[in-house]
Undergrad: 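Below is one structure. I have some questions about it.
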2 protein chains.
Amino acid sequence: MPHRNQMPAPQPTLRRLPGYFRFLQTLAEAGETTVSCTSIAKALHLDPTGVRKDLAFTGIIGKPRVGYSLLELRDAISSFLGWDDIREAVLVGTGDFGRALLGYELFRERGVEIVAAFDVAPDLVGQKVRGKEVLALDALGDTIRTRQIPIGIITTPAAAAQGVADTMVEAGAKAIWNFAPAVLEVPEHIILEHVELVASLAVLSSKLAVRASAE
Amino acid sequence: MPHRNQMPAPQPTLRRLPGYFRFLQTLAEAGETTVSCTSIAKALHLDPTGVRKDLAFTGIIGKPRVGYSLLELRDAISSFLGWDDIREAVLVGTGDFGRALLGYELFRERGVEIVAAFDVAPDLVGQKVRGKEVLALDALGDTIRTRQIPIGIITTPAAAAQGVADTMVEAGAKAIWNFAPAVLEVPEHIILEHVELVASLAVLSSKLAVRASAE
DNA sequence: GGAATATCGAGAAAACGGTATCGATAAATC
DNA sequence: GATTTATCGATACCGTTTTCTCGATATTCC
Ligand SMILES: NC(=O)c1ccc[n+]([C@@H]2O[C@H](COP(=O)([O-])OP(=O)(O)OC[C@H]3O[C@@H](n4cnc5c(N)ncnc54)[C@H](O)[C@@H]3O)[C@@H](O)[C@H]2O)c1
Ligand SMILES: NC(=O)c1ccc[n+]([C@@H]2O[C@H](COP(=O)([O-])OP(=O)(O)OC[C@H]3O[C@@H](n4cnc5c(N)ncnc54)[C@H](O)[C@@H]3O)[C@@H](O)[C@H]2O)c1
């Protein structure tokens, strides 16, 4: 194996890795110690050689006839994805959706901990939601700055998203995870990940529409 | 333009179309009547010729030097994605996440209406959540069957997801929108769309990890 | 009315990701 | 110890998606 890292994994690979991790986790809990590409591929409905390519990015090498060391592989994925050390995040927009994210424990296990929530609604500010304190929007910049928080999560209405993003960037956040249906303008060096649920729904509906018209 | 339709649009195109739609909507509200690929591309940070190719799938043709008719294009996207007639959906798992989806009005505007929610928790059953009645899980199959509901949304814990999916399929649902972190086994002909938030987070964290190690 | 220009549409080329093939090797079997 | 077999790793292939290039055309401006 030559000098790894440096070459970043393609995005489709990154998106599959959590699935591998979850599967390996269940195998580990079942007491297994090794695992083959073939078995992973079968369980996840993927191509074995594709799985092998993905796993190669983590730097782990397997043994013919045996497969990979289960724990070694799992931990390699975890560290490759940056799940080993926990990064702090703030969430802005403590509505229904933001609340769901606040209460989702899995994020912490995946290296991201939401440490504070923000909102403009006076009746929310000062409350605790899912164990996290809701602060006034005014305090957003200072909180990010003084605690050096790298991740900002946006779950405000779309109209407010750009302003929130600007504050986050200005305060030094390095990555933004945006759930609002808005195109955000951020500087080149900011990592921006936009989750567009409606896009996923569009794939589903259009398949359904094709199917319906075929009948 | 030859016989359109028949050839399904590639998935990346489908995922971009909602973004175009949203942008066109804002232009329409601003009183514009035509729009060019160039302007769309600039606003959404995409390649103009790529945008042109995407739009071609809707069957709309533009005029040189002018662009496309804004409303015509917007409506073509809407109908192409199957947003014109509303399809009914049921949601299973009325927890924090399910509740957020239940209250999200945008889905209805995008052709999907959640008509009922289901849960196993006795204190939830019988309640109204976000204006929708929560029914007992036992009633799931019958509801789908008698009302011919095409879409099932799964927001239960991962462990319960497969069982819920089985019930949905058995009752005649045509598409499943799954938010639980589980690999679902469904028959070939079922449309399955899996939203894995952790995969999106993985892209973000790994970029952050790369960035951190580069410093 | 003619020249200039922005924009579309179509087809070619390139890049990317996914799939298949093949040799190598470690374990298992005989 | 030789043979068989499962599995890895590398390479080559293929399809899809993106990017590039070109010609056509409607509008604008002179
Ligand atoms: N609910 C869903 O299922 C869902 C799904 C996908 C995307 N989204 C998107 O997520 C966002 C939130 O959705 P929701 O359903 O939770 O809406 P919501 O109305 O329940 O919550 C929005 C919250 O943001 C707060 N807010 C408004 N302006 C703000 C500002 N400038 N700064 C800080 N906070 C502000 C509001 O007080 C409110 O608490 C929306 O953009 C929505 O489109 C929601
Ligand atoms: N909360 C989030 O931000 C988030 C994000 C991504 C994915 N998810 C996934 O969405 C799912 C729900 O998350 P949540 O945070 O709402 O959890 P939750 O615990 O708040 O809600 C789960 C709900 O499902 C119900 N339930 C349990 N078993 C059921 C069954 N067999 N049939 C019907 N209902 C059943 C429970 O009573 C509960 O109301 C989980 O799989 C979670 O991993 C959640």
Undergrad: Using the closest heavy atom to pick a nucleotide of DNA chain D for each, name whichever of A:Ser36 or B:Pro12 lands nearer the 5' end.
TA: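 The residue whose closest nucleotide sits nearer the 5' end is A:Ser36.
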Undergrad: D:dC13 P sits how many Å from A:Asp47 CG, rounded?
TA: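 Nearest whole value for this atom pair: 18 Å.
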Undergrad: Would you find a donor on one side and an acceptor on the other, under 3.5 Å apart, between the side chain of A:His194 and the backbone of A:Ala180?
TA: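 Between the backbone of A:Ala180 and the side chain of A:His194 there is a qualifying donor-acceptor contact (under 3.5 Å).
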Undergrad: So, does B:Arg211 use its side chain to make a donor-acceptor pair with the main chain of A:His189 at under 3.5 Å?
TA: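 Present.
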Undergrad: Side chain of B:Pro64 only, heavy atoms from C-beta on: which candidate in D:dA24, C:dT25, D:dT18 is closest?
TA: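 Minimum distance to the B:Pro64 side chain belongs to D:dA24.
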Undergrad: If only side-chain N and O atoms of A:Tyr68 are considered, is one of them under 4.0 Å from the OP1 or OP2 phosphate oxygen of D:dG9?
TA: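 Answer is yes, contact under 4.0 Å.
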Undergrad: Answer yes when A:Arg74 and A:Glu29 have at least one side-chain N-carboxylate O distance shorter than 4.0 Å, and no when they do not.
TA: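 Salt bridge: no.
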Undergrad: Would you confirm whether A:Thr155, through its side chain, and A:Gly93, through its main-chain N or O, come within 3.5 Å as a donor-acceptor pair?
TA: yes
Undergrad: Just how far, in rounded Å, is P of D:dG9 from CG of A:Leu73?
TA: 11 Å
Undergrad: Between B:Ser205 (side chain) and B:Leu201 (backbone), is there a donor-acceptor pair under 3.5 Å?
TA: yes
Undergrad: Of A:Arg52 and A:Val66, whose nearest nucleotide on DNA chain C comes first from the 5' end?
TA: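 Per heavy-atom nearest nucleotide, the more 5' residue is A:Arg52.
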Undergrad: Identify the pairs formed between an N or O of the protein and an N or O of nucleotides 11-16 of chain C at a distance under 3.5 Å, and give each distance.
TA:
residue : atom : partner : partner atom : Å
C:dG11  : O6   : B:Lys53 : NZ           : 3.2
C:dA12  : N6   : B:Lys53 : NZ           : 3.3

Undergrad: Using the side-chain heavy atoms of B:Arg16, tell me which of these nucleotides is nearest: D:dC8, D:dT18, C:dC8.
TA: D:dT18
Undergrad: Find the distance A:Ile60:CD1 to D:dC8:P and express it as a whole number of Å.
TA: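 For the pair A:Ile60 CD1 and D:dC8 P, the rounded distance is 13 Å.
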Undergrad: Please pick, from C:dT7, C:dA20, D:dT27, the nucleotide with the shortest atom-to-atom distance to any side-chain atom of B:Thr38.
TA: C:dT7
Undergrad: Quick test of your reading of the model: are B:Lys132 and B:Glu88 salt-bridged, counting only N-O distances below 4.0 Å?
TA: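 A salt bridge is absent here (no side-chain N lies under 4.0 Å from a carboxylate O).
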Undergrad: In terms of the angle between their ring planes, are A:Phe97 and A:Phe179 parallel, tilted or perpendicular, with boundaries placed at 30° and 60°?
TA: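 Rings of A:Phe97 and A:Phe179: tilted, 30 to 60°.
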Undergrad: Rounded to the Å, how far apart are A:Leu55 CG and D:dC8 C1'?
TA: 11 Å
Undergrad: CZ of B:Arg15 versus C1' of D:dT17: gap in Å, rounded?
TA: 15 Å
Undergrad: Which atoms form the tightest heavy-atom contact between A:Ala175 and B:Leu204, and what is the distance?
TA: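 Reported closest heavy-atom pair: CB-CD2, 3.8 Å.
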Undergrad: Angle class for the A:Phe107/A:Trp177 ring planes (parallel below 30°, perpendicular above 60°, tilted otherwise)?
TA: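 Perpendicular: the ring planes of A:Phe107 and A:Trp177 meet at over 60°.
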Undergrad: Can you pull out the residues from residues 18-29 of chain A that lie within a 4.0 Å heavy-atom distance of DNA chain C?
TA: none
Undergrad: It should be established whether A:Lys63 places a side-chain nitrogen or oxygen under 4.0 Å from OP1 or OP2 of nucleotide C:dA27.
TA: yes
Undergrad: Any donor and acceptor pair, going by atom type alone, linking the side chain of B:Thr94 with main-chain N or O of B:Phe118 inside 3.5 Å?
TA: yes
Undergrad: May I have the distance from A:Phe57 (atom CZ) to C:dG18 (atom C1'), rounded to whole angstrom?
TA: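 Those two atoms, CZ and C1', are 12 Å apart.
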Undergrad: Using atom CD of A:Gln11 as one end and atom C1' of D:dT17 as the other, report the distance to the nearest whole Å.
TA: 15 Å
Undergrad: Using whole Å, report how far CG of B:Leu14 lies from P of D:dT16.
TA: 15 Å
Undergrad: Please tell me which of the listed nucleotides, C:dC8, C:dA26, D:dT28, lies nearest to the side chain of B:Arg65?
TA: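 Of C:dC8, C:dA26, D:dT28, D:dT28 is nearest to the side chain of B:Arg65.
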